[in-house]
**Q** 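If you scroll down you'll find the structure; I have some questions about it.
Just so it is clear, the values below take in all heavy atoms, side chains as well, and ignore hydrogens, waters and symmetry mates. Small disclaimer: the values here were computed from a predicted structure and weren't measured. Quick note: residue numbers are just sequence positions, from 1.
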Amino acid sequence: MEYRFSGKSGLQLPLVSLGLWHNFGSEDPFDVARAMLLHAWDKGVTHFDIANNYGPAPGTAEMTFGRVLREDLLAHRDEMIVSSKAGYWGWDGPYGNGGSRKYMIASCDQSLKRTGLEYFDIFYSHRYDPQTPIEETMQALVDIVRAGKALYVGISNYPADKQKECYDYLSAAHVPCVISQYKASIAFPQTLEENLPVANANGSGFICYSPLAQGLLTNRYLNGIPAGSRASKNVFLHPEQVTAEAVARAQQLGAIAAERGQTLAQMAVAWLLSKDVTSVIIGASSVAQLDDNLHAIDNIAFTEEELQKIARVMQQQ
């Protein structure tokens with residue numbers, strides 16, 4: 001595994017990080033989750049990305065990770081980066097959502113208890129909350145670091161103008177934003193165009209999630225919607241999104257990937273890594289799927305001709 005420095009910080013992250021958004025909650029088989037975490041670790045994945053609402057049920061992905069850490073990986077705690085976040089719904093009532101100081105600090109404390117950790121390596125504000133002043137949310141992150149509950153802070157899903165405000169506040173407080181997390185993929189390049197330049201100009205690293213567009217950038221839907229898939233469950237990917245046009249684009253992109261000696265999923269991850277990003281977060285539902293995606297790092301160089309072919313496919317209506 002290759003590692004890249006996160007922005008202007010001394011923190012290095014692996015090219016591929018493992019996200020626990022799906023398939024690591026209380027409704028998923030623990031043995032499968034454990035096997036994926038251990039396999040990722042064995043392959044050099046040192047960064048594990050969680051959030052207070054990951055599951056399902058919310059919070060249980062942190063519990064799963066904490067159990068595997070306690071039972072299998074505790075001796076390696078200082079060799080890994082563990083991140084968590086707060087911003088989306090965590091619990092009922094006015095203090096379980098958003099960006100208030102009350103919610104951010106309470107959520108961090110709860111997440112530490114669920115994982116069994118003494119501190120997070122990175123703690124994020126998961127989203128921009130227009131109801132809360134940015135100064136309040138950012139000061140909560142600063143105080144979380146100063147209290148020893150996190151080593152670094154990050155932001156996720158902030159609009160570009162608010163993103164800059166976060167960087168300015170954190171920099172002035174001498175707790176710089178080391179990483180910015182955004183949805184990005186071949187099918188959704190907007191954040192690379194809008195948010196990545198802001199991060200680069202302000203010394204923040206940039207990490208991408210949903211590189212496979214919830215499965216549309218894989219071979220999964222080439223022959224319809226299979227049982228058990230996200231589209232079949234109407235979870236994060238709706239059946240109406242699996243259009244004939246989307247399938248046709250996946251087929252054409254798959255042909256380009258095959259010419260590169262890759263699967264479509266591998267090429268999708270490699271495409272992001274060919275950009276000026278720090279790391280790409282991948283998810284998985286099995287060790288085999290995880291291993292397939294990890295092989296994306298075997299070839300992250302693209303010719304100009306390949307990039308133009310990909311662009312032409314995505315420009316088709």
Side-chain angles (χ1 to χ4, degrees), residues 6-7 9 17 19-21 49-54 58-59 62 83-111 120-145 149-150 152-185 188-211 213-214 236 272 277-281:
S6 188
S9 76
S17 302
L20 280 69
W21 186 11
D49 183 79
I50 327 175
N52 64 343
N53 62 332
Y54 288 179
E62 290 179 324
S83 61
S84 194
K85 318 177 195 73
Y88 292 105
W89 184 90
W91 58 89
D92 291 334
Y95 315 118
N97 199 350
S100 72
R101 177 180 179 83
K102 168 72 172 177
Y103 175 55
M104 296 296 293
I105 292 178
S107 183
C108 182
D109 289 344
Q110 290 184 23
S111 293
F120 287 112
D121 296 281
I122 304 169
F123 195 76
Y124 287 88
S125 170
H126 205 169
R127 69 175 177 97
Y128 170 59
D129 174 15
Q131 307 303 317
T132 303
I134 280 180
E135 295 83 358
E136 179 177 345
T137 306
M138 293 303 106
Q139 186 60 45
L141 291 180
V142 169
D143 291 341
I144 284 170
V145 169
K149 298 175 182 179
Y152 301 95
V153 299
I155 61 170
S156 179
N157 302 316
Y158 274 68
D161 58 335
K162 304 303 180 183
Q163 181 185 355
K164 180 65 165 61
E165 290 184 36
C166 293
Y167 296 152
D168 289 345
Y169 189 95
L170 293 170
S171 178
H174 304 290
V175 182
C177 179
V178 301
I179 192 74
S180 303
Q181 185 172 140
Y182 286 88
K183 176 182 177 180
S185 67
F188 189 83
Q190 290 92 321
T191 56
L192 298 180
E193 300 163 359
E194 298 172 6
N195 302 98
L196 177 57
V198 183
N200 287 342
N202 288 272
S204 173
F206 199 89
I207 188 167
C208 307
Y209 70 89
S210 279
Q214 300 299 324
F236 298 107
L272 283 171
V277 305
T278 308
S279 181
V280 174
I281 298 171

**Q** Looking at Glu136 and Arg101, would you say the former's side chain and the latter's main chain have a donor-acceptor pair under 3.5 Å?
**A** yes
**Q** If we count only N and O atoms by modelled type, under 3.5 Å, do the side chains of Ser125 and Thr137 hold a donor and an acceptor together?
**A** no
**Q** Charged N to carboxylate O below 4.0 Å: is that the case for Asp49 and Lys85?
**A** yes
**Q** Report yes if some heavy atom in the side chain of Ile144 is under 4.5 Å from a heavy atom in the side chain of Val153; otherwise report no.
**A** no
**Q** Using 0.5 Å steps for rounding, measure from the OH atom of Tyr128 to the SG atom of Cys166.
**A** 9.0 Å
**Q** Could you go through residues 168-176 and list every donor-acceptor pair under 3.5 Å that involves a side-chain atom there, pairing it with any protein atom two or more places apart or in another chain?
**A**
unit_1: Asp168; atom_1: OD1; unit_2: Lys164; atom_2: NZ; d: 2.8
unit_1: Asp168; atom_1: OD2; unit_2: Lys164; atom_2: NZ; d: 2.9
unit_1: Tyr169; atom_1: OH; unit_2: Gln139; atom_2: OE1; d: 2.6

**Q** Taking the side chain as C-beta and beyond, is there a heavy-atom pair between Glu165 and Lys162 under 4.5 Å?
**A** yes
**Q** If you look at every heavy atom in Gly90 and Asn52, which pair is closest and at what distance?
**A**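 Taking Gly90 first and Asn52 second, the nearest heavy atoms are CA-ND2, 4.2 Å.
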**Q** Using modelled atom types only, decide if a donor and an acceptor are shared between the side chain of Ser6 and the backbone of Val178 within a distance under 3.5 Å.
**A**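 Side chain of Ser6 to backbone of Val178: a pair is present.
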**Q** Closest heavy-atom contact between Thr278 and Gly205?
**A** OG1-CA, 3.4 Å
**Q** Could you tell me whether the side chain of Leu196 reaches within less than 4.5 Å of the side chain of Tyr182, counting heavy atoms only?
**A** no
**Q** Quick one: does any side-chain atom of Ser156 pair with a main-chain N or O of Gln181 as donor and acceptor, under 3.5 Å?
**A** yes
**Q** How long is the gap from CG on Asp161 to CG on Asn195, to the nearest 0.5 Å?
**A**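 It comes to 9.5 Å.
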**Q** Could you work out, with side-chain contact (heavy atoms from CB on, under 4.5 Å) as the rule, every residue matching Ser185, not counting sequence neighbours?
**A**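 side-chain contact (heavy atoms from CB on, under 4.5 Å) list for Ser185, sorted by chain: Ala187, Phe188, Ala213, Leu217.
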**Q** Is any side-chain heavy atom of Trp21 closer than 4.5 Å to a side-chain heavy atom of Ser210?
**A**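 Trp21 reaches Ser210 side chain to side chain.
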**Q** Identify, with sequence neighbours excluded, every residue that meets side-chain contact (heavy atoms from CB on, under 4.5 Å) alongside Asp129.
**A**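 Result, side-chain contact (heavy atoms from CB on, under 4.5 Å) vs Asp129: Arg127, Gln131, Thr132.
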**Q** Roughly how far, to the nearest 0.5 Å, is the CD1 atom of Ile281 from the NZ atom of Lys183?
**A**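 That separation rounds to 13.5 Å.
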**Q** How far apart are the closest heavy atoms of Pro58 and Trp89, and which atoms are they?
**A**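 So the two residues come closest at CG-CZ3, 3.8 Å.
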**Q** Give a yes-or-no answer on whether the side chains of Tyr209 and Asn157 include a donor-acceptor pair shorter than 3.5 Å.
**A**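 Yes - a donor-acceptor pair under 3.5 Å links their side chains.
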**Q** Is there side-chain contact between Trp91 and Ser107, with heavy atoms separated by less than 4.5 Å?
**A** yes
**Q** As an exercise, state the distance from CD1 of Ile155 to OH of Tyr167, rounded to the nearest 0.5 Å.
**A** 4.5 Å
**Q** So, taking the atom named NZ in Lys149 and the one named CD1 in Ile105, what distance separates them when rounded to the nearest 0.5 Å?
**A**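 Separation between the atoms: 6.0 Å.
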**Q** Got Gln163 and Asn202 here, is their nearest side-chain heavy-atom distance under 4.5 Å?
**A**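 In short, these two side chains do not touch, never coming nearer than 4.5 Å.
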**Q** In the structure I gave you, are the side-chain heavy atoms of Leu141 and Phe123 within less than 4.5 Å of one another anywhere?
**A** yes
**Q** To the nearest 0.5 angstrom, please state how far the CD1 atom of Ile122 sits from the OG atom of Ser9.
**A** 8.5 Å
**Q** Answer yes if the side chains of Glu62 and Ser84 hold a donor-acceptor pair under 3.5 Å, and no otherwise.
**A**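 Yes - a donor-acceptor pair under 3.5 Å links their side chains.
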